[in-house]
Number of protein chains: 2
Amino acid sequence: MSSDKSQTYSISDLAREFDITPRTIRFYEEQGLLAPTRRGQVRIYSPGDRVRLKLILRGKRLGFTLEESRALFDLYDPGSGNRRQLKTMLATIASHRTNLTQQLHDIQVMMIELDESEARCNQALEEFSDTTSSTAPINNKNTMTEE
Amino acid sequence: MSSDKSQTYSISDLAREFDITPRTIRFYEEQGLLAPTRRGQVRIYSPGDRVRLKLILRGKRLGFTLEESRALFDLYDPGSGNRRQLKTMLATIASHRTNLTQQLHDIQVMMIELDESEARCNQALEEFSDTTSSTAPINNKNTMTEE
DNA sequence: TTTCAGGTTTACGTTTACGTAAAGGTAATT
DNA sequence: AATTACCTTTACGTAAACGTAAACCTGAAA
């Protein structure tokens, strides 16, 4: 077997690796986000295709729509645009940065709140232990409705 | 007349403040995320309602579904759960932390990539200026991004 | 040769998060 | 009284991102 340097992937290879369905990958292609080559009818994915898929999924984690991710790909080769398009691209970049900064802040605040929620949960658990200290399956004495 | 300490908001007050439509706010209520009081048929929102709305919107910015945000609200009063529920809540918290950590990383990487894309755009613009050399409305020639 | 694990297209179904009328109530102006 | 500005409910519509089912090809293994 020739150790062909060009690594390739089947659709289910990528589906397994990224824990998505082939349907999802085909859908991304349908939306113009991927363009794998074909051997006959079968899709063959290059490492480059794999990277693009990775970028799409990262975009999704950050709440990007597929269209936004597609637009972001264009930012990787700004040779193709005229002056006005380049200005638009710069504005787009600035806008994304603003959003990401907001998200960064949101995450920090929410992390703190998760800490607090966790503390309250642990405290509630401790109070359970207190109540249950003696041998009987004593009921908890708080006024909240039980299930 | 009486300077009633309890501040209230109409639905359009909140809609304006957060730049969403009244329809959106009613939808959140329909989904059990808000429960404003009523004066007759009209919804009256308390500062607490306003905070909840804020939390919903922050959740949305981070990609939470409404159901997830609703579940997060329950984390604020862990008095109501039994032991098993508290364990579940702790697991939920841990899961959210994992996701937020991933997002944090995603954001950092994407910020860097945005920097690079911006640099490429600026470079492409400079090459335009070169081509357009003489009569152009003087461009700034420095290569650094400005603030 | 049949079976079978993968791949394909086509196409309709589903969930989430609202948008968009339609039809009407209420309170303050004009 | 009539207009205006909000508010309400009811209900059907919609876009995004796939899920799911049907019907088919296809190469390798049993």
Side-chain angles (χ1 to χ4, degrees), chain A residues 1 4 7-46 49-50 52-73 96 99 103 106, chain B residues 1 4 7-46 49-50 52-73 96 99 103 106:
Chain A
M1 295 300 159
D4 201 334
Q7 160 86 307
T8 65
Y9 310 87
S10 76
I11 195 168
S12 50
D13 285 342
L14 295 182
R16 260 188 303 275
E17 176 174 1
F18 296 113
D19 196 31
I20 55 182
T21 69
R23 172 70 176 99
T24 299
I25 299 178
R26 289 192 200 99
F27 179 74
Y28 293 161
E29 178 178 348
E30 198 179 315
Q31 301 302 307
L33 291 158
L34 293 173
T37 59
R38 302 265 183 151
R39 189 175 51 204
Q41 202 168 225
V42 177
R43 292 167 173 85
I44 306 293
Y45 295 86
S46 71
D49 292 326
R50 183 174 161 281
R52 279 179 81 96
L53 179 52
K54 230 170 160 175
L55 292 179
I56 296 168
L57 297 177
R58 189 184 64 193
K60 283 203 58 185
R61 288 196 300 271
L62 294 178
F64 288 50
T65 67
L66 295 184
E67 172 56 29
E68 284 172 324
S69 285
R70 211 187 49 67
L72 277 183
F73 290 154
H96 279 301
N99 290 333
Q103 274 185 302
D106 287 336
Chain B
M1 275 305 200
D4 200 335
Q7 159 86 310
T8 66
Y9 310 88
S10 77
I11 195 168
S12 50
D13 285 343
L14 295 182
R16 259 188 303 275
E17 176 174 0
F18 296 113
D19 196 31
I20 54 183
T21 68
R23 172 69 176 102
T24 298
I25 299 177
R26 289 192 200 100
F27 179 75
Y28 294 161
E29 178 178 350
E30 199 179 315
Q31 303 300 307
L33 291 158
L34 292 173
T37 59
R38 302 268 182 148
R39 188 176 52 205
Q41 200 166 226
V42 178
R43 293 168 173 84
I44 306 292
Y45 296 86
S46 70
D49 292 327
R50 182 174 161 281
R52 280 180 81 96
L53 179 53
K54 231 171 161 175
L55 293 179
I56 297 168
L57 297 177
R58 190 185 64 193
K60 283 202 59 186
R61 288 196 300 271
L62 294 177
F64 288 50
T65 67
L66 295 184
E67 171 56 28
E68 284 172 324
S69 285
R70 210 188 49 67
L72 278 183
F73 290 154
H96 279 302
N99 290 333
Q103 274 185 302
D106 287 336

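In what follows, every chain begins at residue 1, and chains take the letters A, B, ... in the order their sequences are listed.
- Within the 4.0 Å cut-off from OP1 or OP2 of C:dT8, at least one side-chain nitrogen or oxygen of A:Arg43 is found.
- Considering only side-chain N and O atoms, A:Tyr28 lies under 4.0 angstrom from the phosphate OP1 or OP2 of D:dC18.
- Proximity of A:Thr24 to the phosphate of D:dG19: a side-chain N or O atom is located under 4.0 Å from OP1 or OP2.
- A pairwise comparison of heavy atoms in B:Leu34 and B:Leu53 identifies CD2-N, 4.1 Å as the closest pair.
- Contact annotation: B:Ser12 side-chain N/O to D:dC7 OP1/OP2 distance is under 4.0 Å.
- Using a 4.0 Å heavy-atom cutoff across all strands shown, B:Arg39 reaches no nucleic acid atom at all.
- The distance from atom CZ of B:Phe18 to atom P of C:dC18 is 14 Å, rounded to the nearest whole Å.
- The distance between atom CD of A:Glu30 and atom C1' of C:dT10, rounded to the nearest whole Å, is 10 Å.
- Of the candidate nucleotides C:dC18, D:dT9, C:dT8, C:dT8 has the atom lying nearest to any side-chain atom of A:Arg26.
- The side chain of A:Arg38 lies closest to C:dT9, out of C:dG7, C:dT9, D:dT8.
- Comparing B:Gln41 and A:Arg23 by the nucleotide of DNA chain C whose heavy atom lies nearest to each, the residue mapping closer to the 5' end is A:Arg23.
- For B:Leu66, counting side-chain heavy atoms from C-beta on, the closest listed nucleotide (C:dA17, C:dT8, D:dT9) is C:dA17.
- The shortest distance between the side-chain N/O atoms of A:Lys60 and the OP1/OP2 oxygens of D:dA16 is not below 4.0 Å.
- Within the structure, every side-chain polar atom (N or O) of A:Ser10 is placed at least 4.0 Å from both OP1 and OP2 of C:dG6.
- A:Arg26 has no carboxylate O lying under 4.0 Å from a charged side-chain N of A:Glu29, or vice versa, which leaves the two without a salt bridge.
- A salt bridge does not link A:Arg16 to A:Asp19: none of the charged side-chain nitrogens sits closer than 4.0 Å to a carboxylate oxygen.
- Pairing each heavy atom of A:Phe64 with each of A:Ser69, the nearest pair is CB-OG, 3.9 Å.
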